[in-house]
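Computed from a predicted structure; not experimentally measured. Just so you know, these numbers use all the heavy atoms, side chains as well, and skip hydrogens, waters and symmetry mates.
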Amino acid sequence: MFMHNKRLQYTVRVSEPNPRLATMMMEQFGGADGELAAAMRYFTQGLGEDDPGRKDMLLDIATEELSHLEIIGSIVAMLGKGVKAQMAEGQMKEAELYQMIGASGSSAKEAILFGGAPALCDSAGVPWTAAYVDSRGEPTVDLRSNIAAEARAKIVYERLINITDDPGIKDALGFLMTREVAHQKSFEKALYAIENNFPSGKLPGVEKYASMYVNTSQGDGDTTGPWNTGDEWDRVDDLEQVMPADGGDGTASVKLPAKDKKVATKMAERTMSDPSADPTTGADLGAGPGAGRTKGGDMGGAPDIESAPAMAEATKGK
């Protein structure tokens, strides 16, 4: 059961309306890394959690995230006060109202439907979706995801702080940003309170693959570091050593029932290409300058992309 306290967790002081900034702030209201996504992520994890300590922590943080949603929503509402009033009362001239709405960066749909109030969408007007809640029901997976989510949210708050000179908004955003840091610390403590928390899940990794580092991006820029060299790694530079990794022939196969195998063979025969054929195609029949070599001869092409427009103009109608 919830009860709403009418006081915000942190006081919101906005110097003046700014609909453009309000639109940007929406990212932390209804965006992928926003406060609603965080609250729903931690609530669903907490409700499904069997460990009493983690359950309590997740529900504590989930509830606090709702209070952060209230703070961000209040900032958006204060920043959009002018737009909301003008949309409702229609005191501005048509052109001035269009200009005000356009300057906000919001879509016409947002302006008409929500009238400058916070809505469950991000800064681009994309509606909030439960797909942002990436819980898996495995504590060592979800806690790592939560740590990453708090880190992403902190960076978004940093960027929002950087784009405003309003001291009251900076102050409130600094509070919200720092709470992301605190939550990350709690999630890390909870993760490392689980013995043998890596790898995630119950099953151990297969030994011969667990310490293999495959250098699949080779050439200038190859770099070594603790992520691919040292006693913890068996580094593979010659990919032939591990292709296929299981020692098989590297092909895909399936055991089909006899009736399916017969039909599959017929389909393969029907759709088989004739490598000796050289059919005349639509590309041959319609070839013009720039088509390269076709059955009608060498149609050439532009020497470089900068010359292409001039060549197209010169050969127009030919």
Side-chain angles (χ1 to χ4, degrees), residues 7-42 61-85 87 100-111 113-134 145-188:
R7 291 179 300 164
L8 296 172
Q9 189 186 13
Y10 200 87
T11 306
V12 171
R13 301 180 181 89
V14 176
S15 298
E16 61 182 0
N18 185 334
R20 178 63 173 164
L21 183 58
T23 298
M24 294 181 182
M25 293 290 168
M26 290 291 292
E27 195 61 40
Q28 287 304 87
F29 193 76
D33 298 316
E35 301 295 354
L36 179 62
M40 294 300 99
R41 182 184 298 114
Y42 308 149
I61 295 177
T63 306
E64 186 183 356
E65 300 289 20
L66 281 182
S67 76
H68 295 174
L69 183 73
E70 187 177 22
I71 293 172
I72 282 290
S74 297
I75 292 174
V76 171
M78 297 302 101
L79 288 170
K81 275 284 187 182
V83 167
K84 183 176 182 180
M87 287 287 292
M100 174 181 270
I101 295 170
S104 73
S106 62
S107 68
K109 179 177 180 180
E110 289 174 87
L113 288 184
F114 312 127
L120 290 181
C121 57
D122 65 13
S123 57
V126 177
W128 188 87
T129 169
Y132 296 155
V133 180
D134 53 0
S145 177
N146 296 352
I147 291 165
E150 295 292 324
R152 290 194 301 269
K154 178 185 182 291
I155 295 302
V156 175
Y157 276 125
E158 281 191 23
R159 292 171 180 171
L160 290 172
I161 289 169
N162 289 338
I163 61 174
T164 179
D165 293 324
D166 188 315
I169 293 178
K170 277 184 178 287
D171 197 39
L173 293 181
F175 166 76
L176 294 171
M177 180 195 75
T178 307
R179 293 307 296 153
E180 308 293 351
V181 176
H183 294 164
Q184 182 173 334
K185 286 172 21 180
S186 292
F187 289 138
E188 290 212 16

When the side chains of residues 24-33 are checked against the rest of the protein, which donor-acceptor pairs come out under 3.5 Å, sequence neighbours left out?
{"residue": "Glu27", "atom": "OE1", "partner": "Ser123", "partner atom": "N", "Å": "3.1"}
{"residue": "Glu27", "atom": "OE1", "partner": "Ser123", "partner atom": "OG", "Å": "2.5"}
{"residue": "Asp33", "atom": "OD1", "partner": "Arg152", "partner atom": "NE", "Å": "2.9"}

task = May I ask you to test the Glu35-Leu66 pair for a side-chain heavy-atom distance under 4.5 Å?
result = no
Between Val12 and Val14, the two heavy atoms sitting closest are CG1-CG2, 3.8 Å
| Are side-chain heavy atoms of Pro19 and Leu79 found at a separation under 4.5 Å? | no
When every non-hydrogen atom of Glu65 is compared with those of Glu150, the smallest separation belongs to OE2-OE2, 3.2 Å
- Task: Look only at the side chain of Lys170 and the backbone of Thr164, and say whether a donor-acceptor pair between them is shorter than 3.5 Å.
- Result: yes
The reported gap from CD in Gln9 to CD in Glu70 (rounded to nearest 0.5 angstrom) is 9.5 Å
Side-chain contact, heavy-atom cut-off 4.5 Å: Ser145 with Asp134? yes
- Do Pro127 and Leu120 come close enough that some side-chain heavy atom pair is under 4.5 Å? no
- Query: Quick one: are Ser67 and Glu64 in side-chain contact, heavy atoms under 4.5 Å?
  - Reply: yes
Value for OH (Tyr10) from CD1 (Ile72), rounded to nearest 0.5 Å, stands at 13.0 Å
Between Lys154 and Glu158, is there a side-chain N and carboxylate O pair less than 4.0 Å apart? yes
Heavy-atom closest pair (Pro167 atom, Ser15 atom, distance to 0.1 Å) is CD-OG, 3.9 Å
| request: Evaluate the side-chain proximity of Phe175 to Tyr157: yes if any heavy-atom separation is below 4.5 Å, no if none is. | output: no
Do Asn18 and Asp166 make a side-chain contact, defined as non-hydrogen atoms from C-beta onward lying under 4.5 Å apart?
no
field: Min side-chain heavy-atom separation Met40-Tyr132 under 4.5 Å
entry: no
Partner of Ile161 under side-chain contact (heavy atoms from CB on, under 4.5 Å), picked from Asp171, Val156, Leu173, Ile169, is Leu173
One should read off an interatomic distance between Ile61 CD1 and Gln184 CD, to the nearest 0.5 angstrom, of 11.0 Å
How about Asn162: does its CG atom have over 12 heavy atoms from other parts shown lying under 6.0 Å from it? yes
dist Asp122:CG -> Trp128:CH2 (nearest 0.5 Å) comes out at 12.5 Å
Value for OG1 (Thr178) from NE2 (His183), rounded to nearest 0.5 Å, stands at 11.0 Å
Taken to the nearest 0.5 Å, the spacing of Ile147 CD1 from Glu180 CD works out to 13.5 Å
